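One structure is given here, and the rest of the page talks about it.
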Amino acid sequence: MKIERIELQQLHMPLRFRFETSFGYTTIKELILVSVYGEGEVGHAESVAMSAPYYSEETTETVWHMMEKFMIPKLFTNEIETPEDVDRLFAPIRRNNMAKAALEGAIWDLYSKQKGISLAKALGGEKSVIDVGISIGIEPTVDQVLAKVERHLGEGYKKIKVKIKPGFDVEVIRAIRERFGEGVPLMADANSAYTMEHLDVMKELDQYGLMMIEQPLAHDDIIDHAKLQRELSTPICLDESIHNVDDARKAIELGSCGIINIKVGRVGGLTESKRIHDLCQAHDIPVWCGGMIESGVGRAHNIAITSLPNFTIPGDTAASSRYWEEDIVENGVELMAPGQLAVPDSPGIGYTLNQKAIGNYVIRTTNFRP
Ligand SMILES: O=C(O)CCC(=O)C1=CC=C[C@@H](O)[C@@H]1C(=O)O
Ligand SMILES: [Mg+2]
């Protein structure tokens, strides 16, 4: 596979709503759109790093730097036949997974376009339709959370995830259960806002039949999570703690979780996502695809990986129109039926970029050549 040019574009996309978590809030999503050109085709992906290092250590600027100085030069000076070669080539670079994933993802898209197959098929996906849920941020009041839950249940989303933090947790979950009943597929995401000192809060949350509690404890912990899991009947889902298949293996061995959230960016790419998927499948650990407030390009990658069979829990890939006035893919990524997205079967990611929209959001563009 000959790579002739790589284009990086930094985009600032205003969100239609303020998205707040236990670690901060987002009103403008920064991303780096990666386009890799080769043999008459172009592959796209995006970096999901945030503007500031509060979800993970990477930021838009570190991603740009790592790609420009270390990763793109490797792509231009080595033979690449398959996307797995990119994974191997980047392995000696420690961490910086979101930077790696964006380049590797664009090459997966390019590779599947060159083969004339969908990205989902190239990855070994089996589903033609996926179920999706929605992630609701922290709101100023519990009533505002309830209003959002009501709206999104009405849109048919198959899982409701709410963000919690100390002081905004049991009350929210109780109110949702009282208003919408036990049947609502409900989970809470803490983004590492708790410690073992909050065991009483976790035990209270345990009463509400949640599908899971996502990343309650520290972002770099799997030991305390194992202790906590032994105290709870609700499965713990790990997000921030899992960066590769070895982290997943250790967490499974220790009993730190019952579910894993696979985010392609956090684990360094689609190749590693597949490895984690396969390992979890062999251990009866269900997985789902987390969201990072992606544009349609990242959403398309999320759809493709979710087509693998052990993605049995609806992910965070809500429709584009929830986030953006105008997405950067033509027609956006929209629900085909309540709470369901189609897995495209056209070559690559199956979405065409909307260049006019990109023009409205782009703040910097650089092209790299061998
Ligand atoms: O709608 C989405 O894309 C999911 C949003 C979401 O829940 C998250 C986005 C970015 C960082 C985190 O706050 C987070 C998560 O932890 O899963
Ligand atoms: Mg999370």
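Predicted model, so just to flag it, every value in this text is computed and none were measured. We count ligands from 1, going down the list as the structure has it; atoms in each ligand are counted the same way.
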Given 3.5 Å as the limit, does a donor-acceptor pair link the side chain of R299 with the main chain of A318, or not? yes
If you leave out waters, which protein N, O or S atoms are less than 2.8 Å from the Mg ion (ligand 2)? D189 OD2, E214 OE2, D239 OD2
Supply the members, apart from M211, of the Ile/Leu/Val/Met/Phe/Trp/Tyr cluster built from side-chain contacts under 4.5 Å; use none for a lone residue. M187, M212, I259, W288, I313
Under 6.0 Å from the ring centre and within 45 degrees of the ring axis: does the NZ or CZ of R18 meet both conditions for the six-membered ring of Y25? yes
Give me the ring orientation class for H152 and Y157: parallel if the planes are under 30° apart, tilted from 30 to 60°, perpendicular past 60°. perpendicular
With a 4.5 Å heavy-atom cut-off, do E334 and S321 have their side chains touching? yes
Would you confirm whether S192, through its side chain, and L217, through its main-chain N or O, come within 3.5 Å as a donor-acceptor pair? yes
Once side-chain hydrogen bond (donor to acceptor under 3.5 Å, both in side chains) is applied, what residue pairs with a partner in residues 113-128 remain, sequence neighbours excluded? D109-K113
Hey, could you give me the CD/CG distance between E197 and L199, rounded to the nearest 0.5 Å? 10.0 Å
With a 4.5 Å cut-off on side-chain heavy atoms, are Q340 and K158 touching? yes
One pair per line, please: each N/O atom of ligand 1 matched with every protein N/O atom under 3.5 Å away, atom names first, then the distance to 0.1 Å.
| residue | atom | partner | partner atom | Å |
| --- | --- | --- | --- | --- |
| ligand 1 | 1 (O) | Y323 | OH | 2.5 |
| ligand 1 | 3 (O) | M292 | N | 3.4 |
| ligand 1 | 3 (O) | I293 | N | 2.8 |
| ligand 1 | 7 (O) | S135 | OG | 2.8 |
| ligand 1 | 7 (O) | K161 | NZ | 3.4 |
| ligand 1 | 7 (O) | K163 | NZ | 3.3 |
| ligand 1 | 13 (O) | K163 | NZ | 3.2 |
| ligand 1 | 16 (O) | K163 | NZ | 3.1 |
| ligand 1 | 16 (O) | D189 | OD2 | 3.1 |
| ligand 1 | 16 (O) | N191 | ND2 | 2.7 |
| ligand 1 | 16 (O) | D239 | OD2 | 3.1 |
| ligand 1 | 16 (O) | K263 | NZ | 3.3 |
| ligand 1 | 17 (O) | K161 | NZ | 2.9 |
| ligand 1 | 17 (O) | D189 | OD2 | 3.3 |
| ligand 1 | 17 (O) | D239 | OD2 | 3.4 |
| ligand 1 | 17 (O) | K263 | NZ | 2.9 |

